[in-house]
Amino acid sequence: MELELQSIKLPSDNERPFVIAGPCSAESEEQVMTTAKQLASKGCHNFRAGVWKPRTKPGGFEGHGEKALPWLQRVQKETGMLVATEVATPEHVELAMKYGIDILWIGARTTANPFAMQALADALRGCKTPVFVKNPVNPDLELWIGALERLNQAGVTHLGAIHRGFSSYDKKIYRNLPMWQIPIELRRRIPDMPIICDPSHIGGKRELVAPLCQQALDLGADGLIVESHCDPDKAWSDASQQVTPDVLDYILSLLVIRDETVTTEGIHELRKQIDELDNQLMNLLAQRMRVCREIGQYKKEHNMTVLQHIRYSEILDKRGAQGALCGMGTDFVKKIFESVHEESVRQQMEIINQ
């Protein structure tokens, strides 16, 4: 994936990851300034606050809009921090530019709508302000990349992505499932673009922020965007996932920053072993598919259906249990064999229909 990108250079401390922090919503000038000054005293350089808040249902606090933008200007003036807010419409963009907002982000609901993204791209045409795009609410990498492409084609070159997790009907530990494989694949497709993680929206609970921050950095995130409020329990939106500036400072102080580039001879040898094992896996898969094609030929000659449900269930149950005995997750092994079976069926269908 080739995008015309320029590096985003935002201030951060050398001993800490790049962080954007601040409340979910700009509720009042006092709340904004109190939180900003507390964060600044902890060494935070980048302040965030939602001015326009898209809520799931009408009737909730949807932000003060333009009224709150001078509060962010005051944060700039009195703390020296850069300020960031979400934009969802061309009007939001126009006002954010008018008030000199330093960093913009586009929310998950907006990313999911190509019409809205094109309208924003047109409004942001040629913009030099850094723009971060959150992943869409549904786990669709192409939709995420499409949103980034629309902005880039409009001349927005200071682009970044925010991983905030994906909505799921079945709520378990997380508010939004991390599905780390999606931002990892985004990194592979667009390696030069910064990707930062939003542990607040992934976790949905303040006690999950710390472990998610560490996990994100361990998986190569370039930074974090964390919701921090001077009095989280009284927050007007997303109270349960916000932390105080003191707690955020403590979380950041405990993070282990690992070096992605340093390698040793030992890990080089281990990677050679991985490559050799992968080659063996490919050869075994090729042999398995050859046998599957022979089975397909047999089914064709004897007028049998391709899909044999009992046999399929037997494979999944047997290999899942075997995987558990070998120290692997049952679901992981089942997913592998579901994919293998899908390819086997595809090849047998080709033979049947020849």
Side-chain angles (χ1 to χ4, degrees), residues 10-13 15-55 60-87 92 95-96 98-105 107 130 132 162 164 175 196-210 212-213 223-255:
L10 301 177
S12 62
D13 293 328
E15 67 274 14
R16 286 187 174 182
F18 163 74
V19 177
I20 303 174
C24 173
S25 304
E27 301 163 2
S28 68
E29 186 170 8
E30 180 184 5
Q31 171 250 8
V32 166
M33 292 309 303
T34 300
T35 306
K37 289 178 178 179
Q38 289 180 10
L39 287 167
S41 71
K42 303 297 182 183
C44 183
H45 301 284
N46 309 286
F47 182 79
R48 58 141 293 157
V51 171
W52 298 280
K53 299 300 301 179
R55 312 314 300 166
F61 175 61
E62 297 185 337
H64 290 295
E66 184 177 3
K67 173 185 174 182
L69 291 172
W71 307 343
L72 298 185
Q73 286 184 316
R74 186 179 166 196
V75 171
Q76 291 170 315
K77 181 178 179 181
E78 296 187 20
T79 71
M81 286 195 286
L82 302 184
V83 295
T85 199
E86 177 180 351
V87 292
H92 294 171
L95 288 169
K98 174 183 175 182
Y99 286 88
I101 302 303
D102 301 295
I103 306 164
L104 305 176
W105 82 81
F132 287 87
I162 299 176
R164 49 80 77 190
R175 175 181 177 180
I196 64 177
C197 182
D198 180 349
S200 305
H201 279 89
I202 291 176
K205 305 181 186 70
R206 59 180 63 106
E207 60 267 25
L208 294 177
V209 170
L212 283 166
C213 285
L224 305 164
I225 179 167
V226 186
E227 290 189 344
S228 180
H229 191 293
C230 58
D231 192 356
D233 289 331
K234 295 181 180 178
W236 295 4
S237 58
D238 290 347
S240 62
Q241 66 190 40
Q242 300 190 66
V243 297
T244 64
D246 281 340
V247 169
L248 177 60
D249 182 59
Y250 180 67
I251 290 171
L252 297 178
S253 72
L254 296 179
L255 291 177

Worksheet item: Just by distance, do the side chain of Gln242 and the backbone of Cys24 share a donor-acceptor pair under 3.5 Å?
Response: yes
Item to complete: Please report the shortest heavy-atom distance between Pro17 and Leu255, naming the atom on each side.
Response: CG-CD1, 4.0 Å
Discussion item. Would the distance check show the side chain of Ser41 and the main-chain N or O of Gln38 forming a donor-acceptor pair, the cut-off being under 3.5 Å?
Written reply: yes
Worksheet item: When rounded to the nearest 0.5 angstrom, what distance separates OG in Ser25 from CD in Glu62?
Response: 10.5 Å
Item to complete: Search all heavy atoms of Ile202 against all heavy atoms of Cys197 and return the closest pair with its distance.
Response: CD1-SG, 3.8 Å
Item to complete: Of all the heavy-atom pairs spanning Pro23 and Phe47, show the shortest one and how long it is.
Response: CD-CZ, 3.5 Å
Worksheet entry | Test item: Arg164 side-chain N/O and Ser200 main-chain N/O as donor-acceptor pair under 3.5 Å | no
Fill in: Straight-line distance of Ile225 CD1 to Trp105 CH2, nearest 0.5 Å
5.0 Å
Discussion item. Looking at Glu207, I want to see if its CD is surrounded by more than 12 non-hydrogen atoms of other residues, nucleotides or ligands under 6.0 Å.
Written reply: yes
Discussion item. Which heavy atom of Ala239 sits nearest to which heavy atom of Pro232, and what is that distance?
Written reply: CB-O, 3.3 Å
Practice prompt. Give me the ring orientation class for Trp52 and His92: parallel if the planes are under 30° apart, tilted from 30 to 60°, perpendicular past 60°.
Written response: parallel
Discussion item. Quick one: does any side-chain atom of Thr79 pair with a main-chain N or O of Ala40 as donor and acceptor, under 3.5 Å?
Written reply: no
Discussion item. Counting C-beta onward and ignoring hydrogens, is there a side-chain heavy-atom pair between Leu224 and Leu252 closer than 4.5 Å?
Written reply: yes
Worksheet entry | Gap separating the CG atom of Asp246 from the CD1 atom of Ile251, nearest 0.5 angstrom | 11.0 Å
Worksheet item: Taking the side chain from Asn46 and the backbone from Val19, do they hold a donor-acceptor pair closer than 3.5 Å?
Response: yes
Discussion item. So does Gln241 get a backbone contact from the side chain of Glu227, meaning a donor-acceptor N/O pair under 3.5 Å?
Written reply: no
Worksheet, complete the sentence: In this structure, CG of Leu248 is separated from CZ of Arg206 (nearest 0.5 Å) by 13.0 Å
Worksheet item: Can Glu27 and Lys234 be counted as an ion pair, charged N to O under 4.0 angstrom?
Response: no
Fill in: Beyond-backbone contact of His201 with Asp238, side-chain heavy atoms, under 4.5 angstrom
yes
Worksheet item: Considering all heavy atoms of both residues, which atom of Ala49 and which atom of Leu72 are nearest to each other, and what is their separation?
Response: CB-CD2, 4.1 Å
Worksheet entry | Polar side-chain atom of Thr35 near backbone of Cys230 as donor-acceptor pair, under 3.5 Å | yes
Worksheet item: Does Lys53 reach the main-chain N or O of Gly60 with its side chain, forming a donor-acceptor pair under 3.5 Å?
Response: no
Fill in: Smallest separation among heavy atoms of Tyr99 and Pro70, with atom names
CE2-CG, 3.8 Å
Worksheet item: Between the main-chain N or O of Gly100 and the side-chain N or O of Gln76, is there a donor-acceptor pair closer than 3.5 Å?
Response: yes
Practice prompt. Count the heavy atoms belonging to other residues, nucleotides or ligands that lie under 6.0 Å from OH of Tyr250, then report whether that count exceeds 12.
Written response: no
Discussion item. Using a 6.0 Å cut-off, check whether atom NZ of Lys67 has over 12 heavy atoms from anything other than its own residue.
Written reply: no
Discussion item. Angle between ring planes, His64 versus Trp71, binned at 30° and 60°: parallel, tilted or perpendicular?
Written reply: perpendicular
Fill in: Residues Arg48 and Glu86 bridged, charged N to O under 4.0 Å
no
Item to complete: Could you grab the distance from atom OG1 of Thr244 to atom CG of Leu39, nearest 0.5 Å is fine?
Response: 9.0 Å
